Amino acid sequence: MTAPQSPTVNAAQPGTKERIDRLHAGGIVDFHFDLPMHLYEQRERENVFASEILPQLEMGNISVAVAAVYVEDRYVPEMSLRVALDQIARLYNEADACPRVALCKSYRQIQTAREAGKIAFLLAMEGVEPLGTDLDLLRAFYELGVRSIGLTHARRNAAGSGGLFAPVGSSAEGLTSFGRDLVRECESLGIIIDLAHINAAGFDEILSLTTKPPVVSHTNARRFYDIERNISDRQIKMIGERQGVIGVNSVLVSPRREDCTLDRYVDHIAHIADLAGIDCVGIGFDFFEFIFNQWPEARKRELEEKLTKPHFIPGLTNHSHAANVTRKLIERGFSDEEIEKILRQNWLRILQQTLKD
Ligand SMILES: [Zn+2]
């Protein structure tokens, strides 16, 4: 991995740097980061987090990151539970070795960490394969700190079906009875239910089963990238009506490489704000290049065949580039108040409303 680079996109206007610094002073909340998977893959090495990831988070003024456990296809089903537990153990070990971060389980702990100038991590699970069909394991993962759960990735599992990386063809079926039980149990425990990846039928069903503001941690508008893994205008409005928040993903902003730009990233933010309101849009970077680049060619090809070919946005490939988004939001005429909502306040409100103390 190369050292983080300073943002280089667009020469700053006089005063812009100061304005960005001011806007970043309260920190940025990123609601989707595949860190546990990366730490697991790099488990033969020590201090991966402190030496490679932390400098980027610091340069980008990240103050809260939702770290999602994700188990790849090759471990499913037999190894799912074990790999998930190993990923969590890796995160704990690396966090313990680094006084700059705190693994948090409540909104109060997140606020305490932020006040102490630490980076708060919240554990999440992307796809419930580690649970099998055992609701008791949900309680065990809750005790380990898991506070946000997306029922599926792209594949079908015991809880439901994911949206395909294609414009049509996802399962028309909603959740399974296990999936419905899981949603109810998450709400009662104080676990956020993340609607990222779920198919359209599952999306509607989760909204009908829950009362809290809904969360889509990392997604993009189908308006600009029309695949069922992303969300439609109808879904964006539904999230807005329930005062939920949608995190904008940096990896699926367009199927065309030439359109994968910072401007297109901000187009997604602006589109969601137009349809659902400025209180409903946040950041869910889903940075992936640092993982992808370490894969052998055969594995990259497998991902492209199964899902899609990722196009990374120049100037937005890791957390050290966060200021490029802020600069672009300024350029596009967003006010300070709007930018602060996008960068952190909307997500902090959700965390306060959904987590228990
Ligand atoms: Zn994802």
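Given the structure is predicted, the values throughout are model-derived calculations rather than measurements. Numbering of ligands and ligand atoms starts at 1, following listing order.
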For the residue pair Glu228 / Ser170, report whether a side-chain donor-acceptor contact shorter than 3.5 Å exists. yes

Would you please say whether a donor-acceptor pair under 3.5 Å links the side chains of Asn93 and Arg90? no

Residue pair Lys105 / Tyr92: nearest heavy atoms and the distance that separates them: CE-OH, 3.6 Å

Minimum-distance pair of heavy atoms, taken over all atoms of Leu207 and Arg242: O-NH1, 2.9 Å

Do you see an N/O/S atom of [X], backbone or side chain, under 2.8 Å from the Zn ion (ligand 1)?
| X | value |
| --- | --- |
| His32 | no |
| Glu126 | yes |
| His153 | no |

At the Zn ion (ligand 1): angle between His197 atom NE2 and His218 atom NE2, to 10 degrees: 100°

